[in-house]
Amino acid sequence: MDRQTGAVDGMRELLGVDVPVVAAPMAGGPTTTGLATAVGAAGAFAFLAAGYKTPEAVAGEIAELRPAGRPFGVNVFVPTPVPVAEAEFRRYATRIAAEGTPYGLDLAAAARTEDDDHWAAKLDLLLADPVPVVSFTFGLPPAAVVRDLRRAGSRVLVTVTDPAEAAAAAELGVDGLVAQSGAAGGHLGTFTPDAPPPLRPLPDLVALVTGTGLPVLGAGGVGGPSDVRAALAAGAAGVLVGTLLLRADESGTGRTHRDALADPARDRTVVTRAFTGRPARGLRNDFIDRHEAAAPLGYPALHHLTRPLRVAAAGAGDADRLHLWAGTGWRGARAAPAADILTDLTRTL
């Protein structure tokens, strides 16, 4: 059986679709029900992003997608806080205070906020109103959660970034893995944000984690069809794409972010913790240059600290104070219907 046939069979078994390309969950706005609907209509699989949403908002999105009758998934952040001491938090808040001054923000006085992103309530929702697939990012869910979701009829996936994480996820009895390379845009799914794994090409990572025997979806750095083919050839059942959909007509990506992705002056992506206190890849900008070296680990406290600034910057067209999440394949992102983007990715498979 060739790799392409194996990929189709793997996708059909794991996700209920034949197209080996999946719309990745992009929390914070880019993933919309409109994008998920368009991806589903094109015969592919889409994840909703539960991160940073209330359980009520997630329930509303699920209800909106169900009538289409196409399989979809929901991604949930596992609460794996990275604590930051009050003194370190205050030092950083004071350091970046001038960034908020143009917008009337007093960042130096911001409270240190920790939360679990409504973890228990989201699990209750997904157990009471099961969806075809639930994926987890930032760590391992408790074994009882995996057991209960599978009993409710959901397939369970976990994002992993190295072989050790893959082995730990397999021991939980999950149905599949999302192998995320460090080339991915947005937050790295590593279980150890203080010591992220080395940057590996996606095919290399896929080949390393297929030893668990579980179906693997590759993610990170996909910029075009050749990257999809390489991941499939390495043993992936399918490939997640996120950055390539950031400029899709149906995505919720804001105008400032969209324009930055198309700006030829933006010449590289970097991994930064300056915005959220957790490693994440985005387009390099002035905020990162000014503060990365001094930024502590501290998630979600730093996320909450900088969020008002990022919201204000996005509204003002200020790309140098905004988190411009993007993977290394960002040059391939274009303004087009999602269906056209997926067609171009899979035409030569």
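Of the residues listed (V178, V134, V39, V133), the one engaging F47 in a side-chain contact (heavy atoms from CB on, under 4.5 Å) is V133, and it is the only one. Exactly one residue among F89, Y52, F275 makes a ring-ring contact (aromatic ring centres under 6.0 Å, His included) with H303. That residue is Y52.
S251 and R258 share a donor-acceptor pair across their side chains, judged by distance under 3.5 Å alone. Side-chain N/O atoms of T276 and H187 include a donor and acceptor closer than 3.5 Å. Side chains of T328 and R281: a donor-acceptor N/O pair is absent below 3.5 angstrom, by distance only. Between the side chains of T256 and D318, not a single donor N or O lies within less than 3.5 Å of an accepting N or O. With no hydrogens or angles considered, no side-chain donor-acceptor pair links T33 and E61 at under 3.5 Å. Side-chain atoms of N285 and H323 include no donor-acceptor pair closer than 3.5 Å.
H291 pairs by the ring-ring contact (aromatic ring centres under 6.0 Å, His included) definition with F287, not counting sequence neighbours. The side-chain contact (heavy atoms from CB on, under 4.5 Å) test applied to A314 returns L322, not counting sequence neighbours. Partners of W330 according to the ring-ring contact (aromatic ring centres under 6.0 Å, His included) rule, which considers only residues two or more places apart in sequence or in another chain, do not exist here. For the side-chain contact (heavy atoms from CB on, under 4.5 Å) test, residues two or more places apart in sequence or in another chain that qualify with T343 are R347. For D286, there are no salt bridge (Lys or Arg N to Asp or Glu O under 4.0 Å) partners two or more places apart in sequence or in a different chain. With sequence neighbours excluded, no residue forms a side-chain hydrogen bond (donor to acceptor under 3.5 Å, both in side chains) with K53.
Through side-chain heavy atoms spaced under 4.5 Å, either directly or across other Ile, Leu, Val, Met, Phe, Trp or Tyr residues, L199 is tied to no other residue. By the 4.5 Å side-chain criterion applied to Ile, Leu, Val, Met, Phe, Trp and Tyr, L188 is assigned to a cluster that also includes V271.
Using a 4.0 Å cut-off between charged nitrogen and carboxylate oxygen, R155 and E13 count as a salt-bridge pair. A salt bridge between D320 and R266 is present, with a side-chain N of the basic residue lying under 4.0 Å from a carboxylate O of the acidic one. Of the charged side-chain nitrogens involved, none lies within less than 4.0 Å of a carboxylate oxygen, so that R284 and D267 do not count as a salt-bridged pair.
Sorted by first then second residue, the ring-ring contact (aromatic ring centres under 6.0 Å, His included) pairs that include residues 214-273, not counting sequence neighbours, number zero. Sorted by first and then second residue, the salt bridge (charged side-chain N to carboxylate O under 4.0 Å, His left out) pairs involving residues 180-194 (not counting sequence neighbours) form an empty list. Sorted by first and then second residue, the salt bridge (charged side-chain N to carboxylate O under 4.0 Å, His left out) pairs involving residues 124-147 (not counting sequence neighbours) are R66-D129.
Under a hydrophobic clustering in which Ile, Leu, Val, Met, Phe, Trp and Tyr are joined whenever their side-chain heavy atoms come within less than 4.5 Å, directly or via other members, L261 and M26 fall into the same cluster.
Annotation: the span from T113 atom OG1 to L302 atom CG amounts to 11.0 Å, rounded to 0.5 Å.
Here the closest non-hydrogen pair linking E250 and A338 is OE1-N, 2.9 Å. Contact record, N75 with S135: ND2-OG, 2.8 Å, taken as the closest heavy-atom pair. When all heavy atoms are compared, the tightest approach of A231 to P203 is N-CG, 4.3 Å.
Within the 3.5 Å criterion, the main-chain N or O of L309 finds no donor-acceptor partner in the side chain of E99.
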Could you pull out all donor-acceptor pairs under 3.5 Å where a side-chain atom in residues 164-174 meets a protein atom, sequence neighbours excluded?
residue	atom	partner	partner atom	Å
E165	OE1	T161	N	2.6
E165	OE1	T161	OG1	2.7
E165	OE2	T161	OG1	3.3
E165	OE2	F191	N	2.8

